[in-house]
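Below is one structure, written out as structure tokens, with a few remarks after it.
Bear in mind the structure is a predicted one, so any value in this text is a computation, not a measurement.
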Amino acid sequence: MPRRALASDNWAGAHPDVLAALAEANAGHALAYGYDEWTERAVGAFRAHFGEGAEVFWAFNGTGANVTALQACVHRWGAVICPETAHIATDECGAPERFLGGGRVLAVRTPDGKLTPELVEPLLHGFGNEHHSQPEAVSITQSTELGTVYAPEEVRALAEQAHAYGLRLHVDGARLANAAASLGLPLRAFTTDAGVDVLSFGGTKNGAMLAEAVVFLDSALARDFRFIRKQSAQLASKSRFIAAQFLALLEGDLWLRLAERSNAMAIRLADGLRRLGVELRQEPQANELFAILPAEVIEPLQETCAFYVWDEARSEVRLVASWDTTSDDVDGFIAELGRLLRA
């Protein structure tokens, strides 16, 4: 297995500052289940970014954050509308439907991983009809699974549409930091200020070891969330160790610097691919990009740098830069690809 990879930002280790924060939090005893000083400080850090009304809860992983957040929005007879590429539709093994206890995920085909009001509108029907699942939430991913980014006005349009029909807007923010770095905007500009009701905030893909959060921007939704989280097996007893990681990321600008670095490495990678004449699905907006490679070079290229084949029929591959991806990693990948293309 290659030591360096462009397969996923989940493959990267934790940033040294995060590890140092964990070691510091490991001294002595502390109250369990979130009643510790680290959690109090970390919640304050989240509120500095998302607003004083934000309610913040830790989760172990992105799937746990998503399914618990959606349980706060959707009844057992409800439905969540999302892009067909969304993790809740494709990569969470049916967990949303299982934990919703009968609720449905309605996946919409999109050209770029992004929902629009026009794409959502045909699914907004059947309200009050007992024979139909009731649309109760719209879920988007920021940045998307295809590496695209919603502008604040795009999020706001979806929020206004959802609220007009009585739905909630959820954001899967596993790469929310990358979106902020791409947009050059504070986190609240395309979440709190754009009408988002609840979001999953990811730390694991951006320098943390094990740190995800559910952030309610409509605090009324958080009323029963302590029970939802516990029943969904997402309550950490030693919560200080999740909180300490978020403190390392959010009390300063480490979260942003790491996201900026991974985005920059994706742009460097795209520049190198273009020089080789490789076709890209779209210009990278965050830290993921998708490229069409000759089928015969994929396997030998994977021997030197791991990555995933996204669409085998099209020879389309996904390349993901991480917080610790270096210029040498990118340049070495491009050099090897160039050699294989010339062979």
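Using the six-membered ring where Trp is involved, Phe127 and Tyr165 have ring planes that are parallel, under 30° apart on the 30 and 60° scheme. Using the six-membered ring where Trp is involved, Phe307 and Phe333 have ring planes that are perpendicular, over 60° apart on the 30 and 60° scheme.
Counting heavy atoms from C-beta on, the side chains of Leu176 and Val171 come closer than 4.5 Å. You'll find the side chain of Ser262 stays beyond 4.5 Å of the side chain of Thr325, heavy atoms only. Between Phe241 and Asp36 the shortest side-chain heavy-atom distance does not fall below 4.5 Å. Side-chain contact between Val120 and Leu124 is present, with heavy atoms from C-beta onward closer than 4.5 Å. A heavy-atom distance below 4.5 Å is not found between the side chains of Thr192 and Val196. Glu336 is listed as a side-chain neighbour of Leu301, based on a closest heavy-atom distance under 4.5 Å.
Asn66 and Thr63 share no donor-acceptor pair across their side chains, judged by distance under 3.5 Å alone. For the residue pair Trp58 and Thr39, a side-chain donor N or O sits within less than 3.5 Å of a side-chain acceptor on the partner. One side chain, Asp197 or His163, offers a donor N or O that lies under 3.5 Å from an acceptor on the other. Under 3.5 Å, the side chains of Asp9 and Asn206 contain no donor-acceptor pair of N or O atoms. Looking at His75 and Glu136, their side chains do bring a donor and an acceptor atom within 3.5 Å of each other. No hydrogens or angles considered: nothing links the side chains of Thr191 and His49 as a donor-acceptor pair under 3.5 Å. Counting only N and O atoms by type, the side chains of Asn61 and Thr204 include no donor and acceptor under 3.5 Å apart.
Expressed to the nearest 0.5 Å, how far OG1 of Thr148 lies from CZ of Phe290 amounts to 8.5 Å. From Tyr35, atom OH reaches atom OH of Tyr33 across 11.0 Å, with rounding to the nearest 0.5 Å. Rounding to the nearest 0.5 Å gives a distance of 7.0 Å between OG of Ser133 and CG of Leu106. If you take CD1 on Ile81 and CG on Leu169, they are separated by 11.0 Å, rounding to the nearest 0.5 Å. If you take NZ on Lys205 and OG on Ser322, they are separated by 10.0 Å, rounding to the nearest 0.5 Å. To the nearest 0.5 Å, the span separating CG on Leu276 from CG on Leu340 amounts to 10.5 Å.
Applying the side-chain hydrogen bond (donor to acceptor under 3.5 Å, both in side chains) test to pairs two or more places apart or on separate chains, those with a residue in residues 223-235 are Gln71-Ser232.
There is no path of hydrophobic side-chain contacts, each under 4.5 Å, that joins Leu70 to Phe60. Follow the hydrophobic side-chain contacts under 4.5 Å out from Trp310 and you never reach Trp11; the two are in separate clusters. Val214 and Val67 are assigned to two separate hydrophobic clusters, defined by single-linkage of ILVMFWY side chains at heavy-atom distances under 4.5 Å. If you chain together hydrophobic residues whose side chains sit under 4.5 Å apart, Trp38 and Val18 never meet in one group. Hydrophobic clustering (side-chain heavy atoms under 4.5 Å, transitive across Ile, Leu, Val, Met, Phe, Trp, Tyr) groups Phe57 together with Ile228.
Looking only at distances, no side-chain donor or acceptor of Thr144 sits under 3.5 Å from a matching main-chain atom of Thr141. Looking only at distances, no side-chain donor or acceptor of Asp311 sits under 3.5 Å from a matching main-chain atom of Glu316. In this structure a side-chain-to-backbone donor-acceptor pair under 3.5 Å is present from Asn263 to Asn178. With hydrogens and angles disregarded, a donor-acceptor distance shorter than 3.5 Å links the side chain of Gln134 to the backbone of His132. For the pair Gln245 (side chain) and Ala21 (backbone), a donor-acceptor distance under 3.5 Å is absent. When atom types are taken as modelled, the side chain of Asn26 and the backbone of Gly28 share no donor-acceptor pair closer than 3.5 angstrom.
Checked against the 6.0 Å centroid criterion, the rings of Phe46 and Phe246 qualify as a close aromatic pair.
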Subject >> Val108 and Cys82: CA distance, side-chain angles, deciding distance, side chain to side chain contact (heavy atoms under 4.5 Å, CB included) verdict >> reply: CA-CA 6 Å; Val108 179; Cys82 68; over 6 Å; no
Subject >> CA sep, side-chain torsions, deciding dist, call: Leu183, Gln142, side chain to side chain contact (heavy atoms under 4.5 Å, CB included) >> reply: CA-CA 11 Å; Leu183 294 167; Gln142 178 78 308; 4.2 Å; yes
**OP:** With salt bridge (charged side-chain N to carboxylate O under 4.0 Å, His left out) as the test, would you mind laying out the steps for Glu37 and Arg240 before giving the verdict?
**Re:** CA-CA 8 Å; Glu37 61 182 276; Arg240 57 175 156 159; over 6 Å; no
Original post:
Taking it one step at a time, do Val198 and Val215 satisfy side chain to side chain contact (heavy atoms under 4.5 Å, CB included)?
Top reply: CA-CA 6 Å; Val198 58; Val215 184; over 6 Å; no
Original post:
Can you list the steps and then say if Arg314 with Ile292 is a side chain to side chain contact (heavy atoms under 4.5 Å, CB included)?
Top reply: CA-CA 7 Å; Arg314 299 180 66 232; Ile292 310 297; 3.8 Å; yes
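Here the shortest heavy-atom pairing between Ala180 and Leu187 reads CB-CD2, 3.8 Å. The shortest heavy-atom contact between Leu221 and Ala72 is CD2-O, 3.4 Å. Here the closest heavy-atom approach between residue Ala266 and residue Glu288 is recorded as CB-N, 4.5 Å. For Val320 against Ala7, the heavy-atom pair with the smallest separation is CG2-O, 3.7 Å. Pairing each heavy atom of Thr85 with each of Gly113, the nearest pair is OG1-CA, 3.8 Å. Closest approach of His170 and Leu199 over heavy atoms only: CD2-CA, 4.3 Å.
A salt bridge does not link Arg104 to Glu97: none of the charged nitrogens lies less than 4.0 Å from a carboxylate oxygen. Of the charged side-chain nitrogens involved, at least one lies within less than 4.0 Å of a carboxylate oxygen, so that Glu55 and Arg47 count as a salt-bridged pair. We find that Glu260 and Arg257 are not joined by a salt bridge, their nearest charged nitrogen and carboxylate oxygen being 4.0 Å or further apart.
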In a table with atom names and distances, give each donor-acceptor pair under 3.5 Å that connects a side chain of residues 153-161 to protein atoms at least two apart or in another chain.
| from | atom 1 | to | atom 2 | distance (Å) |
| --- | --- | --- | --- | --- |
| Glu154 | OE1 | Lys114 | NZ | 3.0 |
| Glu154 | OE1 | Ala151 | N | 2.7 |
| Glu154 | OE2 | Lys114 | NZ | 3.1 |
| Gln161 | NE2 | Pro117 | O | 2.9 |
| Gln161 | NE2 | Glu121 | OE1 | 3.1 |

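Judged by the 6.0 Å and 45° rule, Arg261 forms no cation-pi pair with Trp323.
Shown here is Glu40, whose CD atom has no more than 12 heavy atoms of other residues, nucleotides or ligands within 6.0 Å.
Under the rule for a side-chain contact (heavy atoms from CB on, under 4.5 Å), the partners of Glu283 that lie at least two apart in sequence or sit in another chain are Arg274, Leu280.
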